[in-house]
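Data first, discussion second: the structure below is written as C-alpha cells.
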Amino acid sequence: ENNGKAGVVISNASVSVTGNTFANNTGAGAEITYPSVTTTSPVIRNNTYTSNGINGIKIAGNVNGSTFWTKDNAPYVVTSDIYVAGNGTLTIEPGVTVKFNPQTSLRIGYTTSSRGALDARGTAAQPIIFTSASATPAAGNWDQIFLSPSTDVAKTFLDNIIVEYAGYGSYDAVEISAAVPMSNVIVRKNSNNGIRINGTAATVTSSRLENNGKAGVVISNASVSVT
C-alpha cells in the first residue's frame, strides 16, 4: 500500500497472487506486463483493491503466446490496444470484467504467421463483461473487439459475453473477419453497429443485440448463420 506506482508488477512470471490487499497505490493495484514472447500465466484471485490509481489489474503489452486472465475481485483494465498473436490464446475465465480506457481495443491475430485466439466462455450466471473504464460509461467510450482474418478459429470461442459502451469514432463494437462462433452474447449500448461480419462464415446464435446506435448486426459479403 501507499506506493508511488503499482502495488505489484508481474512480468513473465508464473506466480500466484492471492488473498492480498492493494490500497492507496498511485498506479494500479496490480499490473501484468507482457514481454515480447508470452509464456506464463499468473494466477490472481481473492484480492482486495481499495483507492488505487487504477483499482484493478492493469494490462500492459501485447499477448504474443498463451495466457489466462483469472477471476479476481476487480477488473482487468486495458490502457492501450492489446494484440493477441504469436500463435497463442488468451483465455478469460467466467465472471471476469475487462474495462477499456478511451480509444483502446482488443485485437485477435496479427498476420498469417502470427495468429491469435480468444477463448472467452462465460456462463449464464457469470458472463464475461467487456465494458468502459469510465466512472460514467457512455456509448463510444472505447473502440472494439476485432477478430482479424488471422484469428485461429479452432481455438476461438465467444459464449456468454457482454460487450457494451464501445464504438468510438467509426468502429463497430465487435468486428469479425474470421469464421468464429458466437452464442448467448449481449451487445448493447454501443455508438455504432453492434456486430459487423466481413467476408466469413461466422455464426451468431441465441444472442441479444440491443440499444446500439446503428444496426444490431451488419453482414458484408459473408455466409452467416444468425439464429
Side-chain angles (χ1 to χ4, degrees), residues 6 22 25-34 44 47 49-63 69-84 90-108 118 120-148 158-176 182 184-196 204 207-218:
F22 301 102
N25 297 292
T26 302
E31 179 177 329
I32 300 175
T33 300
Y34 290 109
I44 305 177
N47 298 292
Y49 299 79
T50 305
S51 301
N52 300 285
I54 295 177
N55 223 32
I57 305 160
K58 177 184 175 181
I59 299 298
N62 296 315
V63 177
W69 289 355
T70 54
K71 185 179 184 299
D72 200 6
N73 296 322
Y76 290 76
V77 181
V78 175
T79 58
S80 61
D81 289 337
I82 299 291
Y83 284 84
V84 179
L90 170 61
T91 301
I92 305 177
E93 287 189 340
V96 166
T97 294
V98 184
K99 293 188 174 184
F100 292 81
N101 276 7
Q103 300 180 49
T104 61
S105 62
L106 177 60
R107 312 185 77 79
I108 311 302
L118 174 62
R121 285 181 277 189
T123 67
Q126 294 191 86
I128 297 167
I129 302 173
F130 300 92
T131 190
S132 167
S134 172
T136 54
N141 278 166
W142 58 285
D143 289 358
Q144 65 174 177
I145 297 173
F146 177 53
L147 294 110
S148 78
L158 302 177
D159 182 45
N160 280 294
I161 70 170
I162 298 172
V163 182
E164 60 187 10
Y165 302 119
Y168 174 81
S170 61
Y171 287 112
D172 297 318
V174 180
E175 185 172 351
I176 301 174
M182 300 181 67
N184 304 300
V185 169
I186 298 174
V187 183
R188 65 188 181 193
K189 301 178 182 178
N190 302 289
S191 62
N192 294 307
N193 299 303
I195 300 174
R196 176 178 290 274
V204 182
S207 296
R208 291 165 50 194
L209 314 173
E210 57 191 19
N211 298 309
N212 296 293
K214 294 185 178 178
V217 61
V218 173

| field | Residue list, side-chain hydrogen bond (donor to acceptor under 3.5 Å, both in side chains) with D159, at least two apart or on another chain | value | S183, N184
| remark: By side-chain hydrogen bond (donor to acceptor under 3.5 Å, both in side chains), E31 pairs with (sequence neighbours left out) T33
| task | For Y168, look at atom OH and say whether over 12 heavy atoms of other residues, nucleotides or ligands are found less than 6.0 Å away. | result | no
| message | Within a 6.0 Å radius of atom OH on Y171, are there more than 12 heavy atoms belonging to other residues, nucleotides or ligands? | response | no
| query | With N101, which residues qualify under side chain to side chain contact (heavy atoms under 4.5 Å, CB included), at least two apart? | reply | V77, T79, T104, A133
| task | Examine the side chains of E164 and T131 and answer whether a donor and an acceptor come within less than 3.5 Å of each other. | result | yes
| Point-to-point distance, once rounded to the nearest 0.5 Å, from CD1 of I82 to CG of N62 | 6.0 Å
| task | Hey, could you give me the CZ/CG distance between R121 and L158, rounded to the nearest 0.5 Å? | result | 10.0 Å
| What residues form a salt bridge (Lys or Arg N to Asp or Glu O under 4.0 Å) with E175, not counting sequence neighbours? | none
| request: Go through the structure and list residues passing side-chain hydrogen bond (donor to acceptor under 3.5 Å, both in side chains) with Q126, not counting sequence neighbours. | output: none
| Can you tell me how far CG of N193 sits from CG of L209, rounded to the nearest 0.5 angstrom? | 10.5 Å
| said: One pair to check against side-chain contact (heavy atoms from CB on, under 4.5 Å): V185 and V204. What are the steps and the verdict? | reply: CA-CA 8 Å; V185 169; V204 182; 5.9 Å; no
| request: For G194 and A173, work out which heavy atoms get closest and say how close. | output: O-CB, 3.3 Å
| remark: Residues at least two apart in sequence or cross-chain that pass ring pair (Phe, Tyr, Trp, His ring centres under 6.0 Å) with Y76, listed by chain then number, are W69
| message | Using 0.5 Å steps for rounding, measure from the CG atom of N160 to the OG atom of S207. | response | 9.0 Å
| query | Which pairs count as salt bridge (charged side-chain N to carboxylate O under 4.0 Å, His left out) when at least one residue sits in residues 165-174, sequence neighbours excluded? | reply | D172-R196
| said: Show the nearest heavy-atom pair for residues V187 and N212, with the distance to one decimal. | reply: O-ND2, 3.1 Å
| message | Checking Y34 now: which residues fulfil ring pair (Phe, Tyr, Trp, His ring centres under 6.0 Å) with it, not counting sequence neighbours? | response | none
| query | For the atom pair CZ (F100) and CG (L106), what is the distance rounded to the nearest 0.5 Å? | reply | 5.0 Å
| request: Go through the structure and list residues passing side-chain hydrogen bond (donor to acceptor under 3.5 Å, both in side chains) with T26, not counting sequence neighbours. | output: none
| note | Sorted by chain and residue number, the side chain to side chain contact (heavy atoms under 4.5 Å, CB included) partners of N25 (sequence neighbours excluded) come out as N3, F22, N52
| All side chain to side chain contact (heavy atoms under 4.5 Å, CB included) counterparts of S132, not counting sequence neighbours | S134, P137, N141, W142, Y165
| said: What's the separation between atom CG in D72 and atom CG in N47, rounded to the nearest 0.5 Å? | reply: 4.5 Å
| At their closest point, which heavy atom of N192 faces which heavy atom of S170, and how far apart are they? | ND2-C, 3.7 Å
